[in-house]
Amino acid sequence: MSFDPQDHLSQLLRQALTSVAPDQAAADILLERPRDPSHGDWASNLAMQLARALKSNPRKIAESLVAALPPSEWLVKVDIAGAGFINFTLSTSAKTRVVGDILAAGAAYGRGTARDGKVQVEFVSANPTGPLHVGHGRGAAVGDCLCRLLETAGWEVTREFYYNDAGAQIDNLTRSVQLRAKGVTPENPDWPEDGYRGDYIMDVAKAFLAKESVISDDQQFTANGDVDDAEAIRHFAVAYLRREQDQDLKAFGVAFDVFSLESALYTEGKVKAAVETLVANGYTYEQDGALWLRTTDFGDDKDRVMQKKDGGYTYFVPDVAYHLDKWQRGFTKVINEQGADHHSTVTRVRAGLQALKAGIPQGWPEYVLHQMVMVMRNGEEVKISKRAGSYVTLRDLIEEVGCDATRYFLVARHPDSQLVFDIDLAKSKSTENPVYYIQYAHARICSVLGQWNGDEATLAKADLSSLGSERELALCARLGAFPGLIEAAAREYAPHLVAAYLKDLAADFHGWYNSDRMLVEDEAVKQARLALTLATRQALRNGLNILGVSAPESM
RNA sequence: CCGCCCGUAGCUCAACCGGAUAGAGCACCGGCCUUCUAAGCCGGGGGUUAGGGGUUCGAGUCCCUUCGGGCGGGCCA
C-alpha cells in the first residue's frame with residue numbers, strides 16, 4: 001500500500017473541517033505544492049475558500065482548522081502564512097518513502113485504477129491519397145501519446161483509424177495514377193488541374209504495371225496491370241498508399257486496433273439508415289433541390305446541406321453515420337484527434353448525432369484539435385501542398401531526425417499551440433535537443449547501476465533514513481508528483497505535460513548526480529542513494545513509455 | 001463580417017478545476033572533468049504575462065474589449 005501525502009493531508013483537513021464547520025464539511029479540499037520550499041511541502045487554501053461562507057477572517061479560520069487537526073506521525077510542522085494558507089511540512093521519512101513505493105510498483109507506478117467504460121481514440125485518419133506529412137505526424141504523436149496516457153490512467157483504449165476510400169479524392173487519385181501509368185506527366189497540358197502531382201504517384205503506377213501485390217494492415221490487393229481497369233487501379237492505389245502509411249506509422253511506433261472505411265458505411269446501409277432517421281425525426285427540409293439538416297437547432301450558425309442536387313451526400317453525413325456506429329459499438333467515451341483545420345465538422349457531427357435522438361450526450365464525441373505545424377528548413381518555411389508534391393513527409397522526418405526526437409518534438413507542445421518544426425534544429429544531435437537530456441539521465445543511471453553491479457531487487461527494501469539532502473528530497477518530491485501528473489494530463493488530454501515533467505525530473509536527477517556520489521563507501525548511504533537512483537529510472541521509464549520514446553541504457 | 005485557437009524573457013516553450021517572489025531550455029557572460037557518462041552541473045544578466053477595463057482576499061489563468069498571428073465559415077474533405 002503506497003503512501004499518498006496529498007490524500008493523507010486531505011483526510012486530516014476533512015476531519016478538522018467537520019469539527020470546525022460541520023455545515024461546510026463537504027467543501028472541496030485542495031492541496032498543492034508551494035513553489036517556495038519555505039512554505040512547506042504542501043499547502044491548502046481551504047481557510048480562504050471558506051472565508052466568504054463563514055463570514056470570517058481567513059487566518060482565524062485557519063487557526064481553528066489547525067487546532068482541530070488530528071495528530072499525524074508524518075507531519076513535523078503545520079503553520080499559517082500569507083492571507084491564510086495552511087502550510088504542511090512533512091517528516092523526512094514521509095518524503096522519502098515514495099522511493100520504496102516506486103520500487104514495489106515498478107512499471108505500474110503512476111498507473112490509475114481501472115475505469116468504467118471503454119474509450120475509443122480516433123486519430124490520424126488520413127485519406128489514402130498520399131504519404132503522411134508532418135501534420136499527420138503531430139496527429140499520430142499526440143493521438144498515440146494520449147492513448148498511452150489514458151491507458152496509464154486506467155482506461156481501456158481502442159485506437160481507430162478512419163478513412164475515405166471511395167469519394168471524389170479517390171477518383172482523383174485513380175485518374176492521376178492511371179494517367180501516369182499511360183505515360184502522361186503532370187507537366188503535360190492534359191494533366192488535370194486538381195490531379196496529384198507527387199512523384200509517389202509514379203511509384204504507384206509503376207507498381208501497378210508490374211502487377212505487384214501489396215499488403216497493409218487492413219488491405220491487400222494484387223495489381224493486374226491493365227491501365228484501362230480503373231476499378232483495379234483504385235483498389236491498388238488505396239492498398240498501396242495504405243501500406244506506405246502503415247510503414248510510416250510502424251516506424252513511428254504507432255499501431256491501430258481498428259480501421260474503418262467510409263465505403264463500408266455505404267455498403268452496409270449505415271449512411272442510408274442515418275439519413276432516414278434524420279428525415280423521420282423532422283430535422284430536414286428540401287430547398288433549392290437539396291436536402292438540408294437543421295443543424296441550427298443544435299447550435300450551428302447555419303443549416304447544412306446533407307444531400308446535394310446530384311444525389312450524393314456531403315461529407316459530414318457519413319461522419320454522422322460513422323459516429324452513430326461508434327456509439328452503438330459501446331464507446332461511451334470517444335475522443336477524435338484531428339487537425340484544427342477540420343474544426344468546423346465538430347458542430348455538424350454533434351448536431352447530426354443529436355438529431356438522431358439516439359440518447360447520445362450533447363458533448364459527445366470529444367475532440368482534441370491540434371493546431372498547424374509549420375516546417376522550417378534552412379531558415380525558410382517549407383510549404384506543404386499534397387498536389388504540388390513538395391512537402392515534408394513523416395518518413396523524411398523519422399529518417400532524418402529519428403523516431404524519438406520526432407515524437408518528442410511533436411508532442412511536447414500544447415495541441416492548441418501552433419508548432420514550428422525546425423528540421424535543422426531537430427536534426428542536430430546537440431544539447432538543443434531536449435529529448436537527449438531526458439534520455440541521458442536514464443543512461444547515466446544505467447551506467448551507475450551497472451558499475452555497482454548488485455542485485456537491484458534488494459534495493460526495494462533499502463533503509464532510506466540516510467536520505468535527506470535538499471536535492472534528494474526535491475527529487476523524491478518530483479517522483480511523488482508523478483501519479484498526480486498522469487491523472488491531470490489524462491484528464492486534460494494534455495500529453496505535453498508528461499514531456500515537461502520528464503524534463504524537470506531529469507533536471508532534478510542531473511543536479512543531484514553532480515553534487516553527490518552514489519557509489520560511496522558507506523554501505524547504508526550507498527544503498528539508500530541507489531534506491532533513489534533506481535526509483536528515478538523507473539519513473540523516467542514509465543514517463544518515456546507514455547511518450548513512446550525509448551529509454552536507452554547507454555548513449 | 002462571423003466562429004474557433006493562440007499571444008508569457010532575444011528565441012522555443014512550461015506554469016496541475018484562480019494561489020504566495022511567473023519557471024525551464026537555447027542563446028549570452030563567468031566557473032566545474034586524476035573520482036559513478038561534461039549529451040552534464042553551478043552562478044549571472046534578462047519580464048508592465050500583447051494593450052486596456054472588469055470579477056475577488058488573490059488573475060498569466062475567468063469575463064468584456066482593442067490589437068496582432070493562425071485556421072475555418074463551399075451542394076470540397
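Fair warning: this is a prediction, and the values are worked out from it, not measured in the lab. The analysis underlying the following values was restricted to heavy atoms, covering all of them including side chains, and did not include hydrogens, waters or symmetry mates. First the proteins, then the strands, lettered A, B, ... as listed; each starts at 1.
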- Message: Can you tell me if A:R444 touches the phosphate of B:A38, counting only side-chain N or O atoms and a distance under 4.0 Å to OP1 or OP2?
- Response: yes
- Query: Which value, in whole Å, describes the distance between the P atoms of nucleotides B:G19 and B:U66?
  - Reply: 28 Å
- Take atom P in B:U61 and the same atom in B:G51, then report the distance between them in whole Å. 11 Å
- Task: Could you verify whether a donor N or O on one side chain and an acceptor N or O on the other, from A:S263 and A:D165, lie under 3.5 Å apart?
- Result: yes
- Query: Is any side-chain N or O of A:R471 closer than 4.0 Å to OP1 or OP2 of B:C42?
  - Reply: yes
- Message: Looking at every heavy atom in both A:F123 and A:G139, which two are closest together, and how far apart are they?
- Response: CD1-O, 3.6 Å
- Message: Less than 4.0 angstrom between a side-chain N/O of A:H496 and OP1 or OP2 of B:A15, yes or no?
- Response: yes
- Task: For nucleotides B:C75 and B:G70, find the distance between their P atoms and express it as a whole number of Å.
- Result: 25 Å
- Message: Please classify the glycosidic conformation of B:C5 as syn (within 90° of 0) or anti (everything else).
- Response: anti
- Message: Run the salt bridge (charged side-chain N to carboxylate O under 4.0 Å, His left out) test against A:R541 and tell me which residues pass, sequence neighbours left out.
- Response: A:E553
- Item | Partners passing side-chain hydrogen bond (donor to acceptor under 3.5 Å, both in side chains) against A:E456 (at least two apart in sequence or in another chain) | A:R537
- Note on the structure: Readout for nucleotides 16-21 of chain B: B = base within 4.0 Å of protein heavy atom, S = sugar-phosphate only, - = neither; 5' to 3' it is BB-BBB
- Query: Can a cation-pi geometry be assigned to A:R478 and A:F509, taking NZ or CZ under 6.0 Å from the six-membered ring centre and within 45° of the ring axis?
  - Reply: no
- Query: Just to confirm, is there a sub-4.0 Å distance from OP1 or OP2 of B:C41 to any side-chain nitrogen or oxygen of A:Y437?
  - Reply: yes
- Task: Name the nucleic acid region contacted by A:A441, choosing base, sugar-phosphate or nothing; use a 4.0 angstrom heavy-atom cut-off, strictly under.
- Result: nothing
- Task: Tell me which of A:A500 and A:S554 sits closer to the 5' end of RNA chain B, going by the nucleotide each one is nearest to.
- Result: A:A500
- Message: For the P atoms, the ones on B:G60 and on B:C33, what distance do you get once it is rounded to whole angstrom?
- Response: 43 Å
- Applying salt bridge (charged side-chain N to carboxylate O under 4.0 Å, His left out) to A:E521 and not counting sequence neighbours gives none
- Readout for nucleotides 67-77 of chain B: B = base within 4.0 Å of protein heavy atom, S = sugar-phosphate only, - = neither; 5' to 3' it is --BSBSSSBSB
- Message: With rounding to the closest Å, how many angstrom separate the C1' atoms on B:C71 and B:G53?
- Response: 29 Å
- Is the A:H323 ring parallel, tilted or perpendicular to the A:W364 ring (thresholds 30°, 60°)? perpendicular
- Thinking salt bridges, do A:R304 and A:D300 make one under a 4.0 Å N-O criterion? yes
- Task: Under 4.0 Å between any heavy atoms, over every strand shown, what does A:R517 touch: base, sugar-phosphate, or nothing? Just pick one.
- Result: base
- Task: Kindly write out the residues that satisfy side-chain hydrogen bond (donor to acceptor under 3.5 Å, both in side chains) with A:Q418, not counting sequence neighbours, or none if the list is empty.
- Result: none
- Query: Base, sugar-phosphate, or nothing for A:N453, non-hydrogen atoms under 4.0 angstrom?
  - Reply: nothing
